[in-house]
Amino acid sequence: LAAALGVVPAARVLDKFASGETRCAIGGSLRGKDVYIVQSFGAGTPPVLLFAGGKDGQNGGSGTGSGGGLKNDNGGYTVNDYFVELCIMISACKTGSAARVTAVLPLFPYSRQPDLKFSKKGAPLVGVTHREQGAGDGDGGAGAGEVGGTANRDYTFESLPATPGPNIPRSARLGADGVELPDRTGRVPAGQEPRNGEPAWWNRPVDGNGATPQATTQQHGSYTTHDYENPSLMMALQAQSGQKQWMAQSGSLMANLLVCAGADRVLTCDLHESSYQGFFDIPVDNLHAHPLLKRYIQHNIPNYRDAVIVSPDAGGAKRATAIADSLGLAFALIHKERRPPNITQSPKATMMLVGDVESRVCILIDDLVDTANTITRAAKLLKKEGAHQVIALLTHGVLSGDAIARINASPLDKVVVTNTVAQEKHQEECGKLEVLDVSGTFAEAIRRVHHGESVSVLFRDD
Ligand SMILES: O=P(O)(O)OC[C@H]1O[C@@H](O)[C@H](O)[C@@H]1O
């Protein structure tokens, strides 16, 4: 990004005391400068400080200084460490008399945890609609093994490897037959052959109830967003504690922390929910990656006009149809439905495909891939329904935990992400991964913000 802007990252010290507290110091004067702090929240990516001349360009337009160094830039750092570093750095710039500080967050942290609605009684609602006691229902990696209402023993929606988390016992990483699941490279473990000559992903066993052994309730301490949205898990927590769960309002808290630290503006990309902007009382520019994704489709998918754009869930349908409509392509939707046979039984998750994908190239569109449960399950269903090829196009490649192994072991033919999150390491481990560069988009947006020009005009035709 700095190279695209023709500036050099400014010098800063970013370190940790032995106690784990963050230490930050800015090298050089920021007085009257227009400062941009870039934090992409990927592994090993501490914030980078860019600054331009004072407003109105009176001090020239380029950044100065040299890159700062973070001694421990990967081991043990989490998104929370980076967030605190970011807040401290924003505050350091403000107290250093910067004229304006913009937090450039290509992937906005916590954006999948927007505030939840409150019920009349005051507790945030978690959307529980059925009486259920902790049965996995597919969202967190446990699959119901039914397609179109017909139990199918050869075809499950289980997550391979299991939904990640340090607390998952090794037994949860085994198939129901006790056979170890593929490793991070997707290789079948020694001594285990794909059955019936089929790929390993296809022929995984399920238990007698059609569910996998790694029910979501075993994964406390390592939730995915799917877990968070999962009524089964929430009900299980409630059953354990005997208390009604009270969900944190993380969305507005993150916004408040950034504003409180001194951010004057936020520049981000493809927010999971665009309503997140409403948590801020400072300007938020939400850039879009879909022009890049569209260009990729047009230039890299032969006969793309015959392809089908697919949304892996109802929540992403608007995003996917926007691309389908602008390219004039067919659209299909994967619909997940949970309906208990009666009120005393756990609901079965049923994945249904709405649309025709037979012999077609399917282009899965979503805002992000984290554990890769969503896109790998969708790919299985699409191949099952006769898709010729499945290519996933996503803005944010978070790819945490065993996501890469899951993709390697899946029928996905290709996964295309942007570098809103650093992808170098992921690419080393996944031959199916292609990366699109968003630095040009961010550089142009920063240039426009600095000169007071319109940012939305960048996406006017999309
Ligand atoms: O299934 P993983 O990759 O963990 O999560 C990605 C999904 O979770 C949703 O919030 C995203 O919009 C996407 O559909």
Side-chain angles (χ1 to χ4, degrees), residues 41-42 79 107-116 126-127 136-143 157-165 168 212 214 216 219 222-231 233 247 250-251 268-276 286 288-290 293 309-323 332-336 349 351 362-382 390 392-410 412 415-418 420-421 423 426 430 432-433:
F41 290 99
V79 64
L107 168 63
F108 196 93
Y110 285 82
S111 63
R112 288 197 298 166
Q113 296 189 47
D115 291 0
L116 296 165
V126 292
D137 65 0
D139 257 359
F157 290 112
E158 69 186 294
S159 173
L160 297 175
T163 298
I168 298 183
T212 55
Q214 57 273 16
T216 322
Q219 297 158 19
S222 59
Y223 304 129
T224 69
T225 298
H226 275 298
D227 290 329
Y228 184 80
E229 294 163 350
N230 181 353
L233 176 68
M247 301 306 297
S250 313
T268 188
C269 181
D270 283 352
L271 281 168
H272 182 63
E273 287 190 26
S274 54
S275 58
Y276 208 99
N286 185 22
H288 301 295
H290 57 244
L293 304 184
I309 299 285
V310 182
S311 175
D313 55 32
K318 204 170 155 199
R319 194 176 290 121
T321 47
I323 292 186
L333 171 75
I334 294 175
H335 175 62
K336 191 164 45 183
M351 283 176 87
C362 290
I363 305 171
L364 272 169
I365 300 284
D366 211 342
D367 62 329
L368 66 88
V369 48
D370 183 1
T371 64
N373 280 320
T374 304
I375 57 167
T376 53
R377 282 205 310 258
K380 289 173 194 172
L381 178 57
L382 293 170
V390 182
L393 258 71
L394 316 113
T395 304
H396 308 295
V398 182
L399 298 170
S400 49
D402 288 324
I404 299 281
R406 204 166 282 124
I407 288 171
N408 285 335
S410 80
L412 278 161
V415 177
V416 183
V417 297
T418 76
T420 54
V421 174
Q423 295 299 329
H426 297 153
C430 184
K432 297 180 182 181
L433 195 64

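No hydrogens, no waters, no symmetry mates; every other heavy atom, side chains included, goes into these values. Ligands are counted one by one from 1 in listed order, and the atoms in each one are counted from 1 as well.
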**Q** Between Asp366 and ligand 1, find which residue part has any heavy-atom pair under 4.0 Å and reply side chain, backbone, both or neither.
**A** side chain
**Q** Can you find a heavy atom in the side chain of Leu399 that is under 4.5 Å from one in the side chain of Val369?
**A** yes
**Q** Can you find an N/O atom of Leu368 closer than 3.5 Å to an N/O atom of ligand 1?
**A** no
**Q** Number the atoms of ligand 1 from 1 as they appear, then name those within less than 4.0 Å of a heavy atom of Arg112, with their elements.
**A** 5 (O), 6 (C), 7 (C), 8 (O), 9 (C), 10 (O)
**Q** Can you tell me which portion of Asp313 lies within the under-4.0 Å heavy-atom range of ligand 1? Options are side chain, backbone, both, or neither.
**A** side chain
**Q** Is a side-chain N or O of Arg319 found less than 3.5 angstrom from the main chain of Ile365, in a donor-acceptor match?
**A** no
**Q** Any idea which atoms of ligand 1 are less than 4.0 Å away from a heavy-atom of Asn373?
**A**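 Under 4.0 Å from Asn373, ligand 1 has these atoms: 1 (O), 3 (O).
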**Q** Which of the numbered atoms in ligand 1 are below 4.0 angstrom from a heavy atom of His272?
**A** 9 (C), 10 (O), 11 (C), 12 (O)
**Q** With His426, which residues qualify under ring pair (Phe, Tyr, Trp, His ring centres under 6.0 Å), at least two apart?
**A**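 Result, ring pair (Phe, Tyr, Trp, His ring centres under 6.0 Å) vs His426: none returned.
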**Q** Once side-chain hydrogen bond (donor to acceptor under 3.5 Å, both in side chains) is applied, do any residues pair with Thr395, and if so which ones, sequence neighbours excluded?
**A** Asp270
**Q** Rounded to the nearest 0.5 Å, what's the gap from CD1 on Ile323 to CG on Leu293? Could you check?
**A** 5.0 Å
**Q** Quick one: does Gly316 get within less than 4.0 Å of ligand 1, heavy atoms only?
**A** no
**Q** Going by atom types only, do Thr420 and His396 share a side-chain donor-acceptor pair under 3.5 Å?
**A** yes
**Q** Side chain, backbone, both or neither: which part of Thr371 has a heavy atom under 4.0 Å from ligand 1?
**A** both
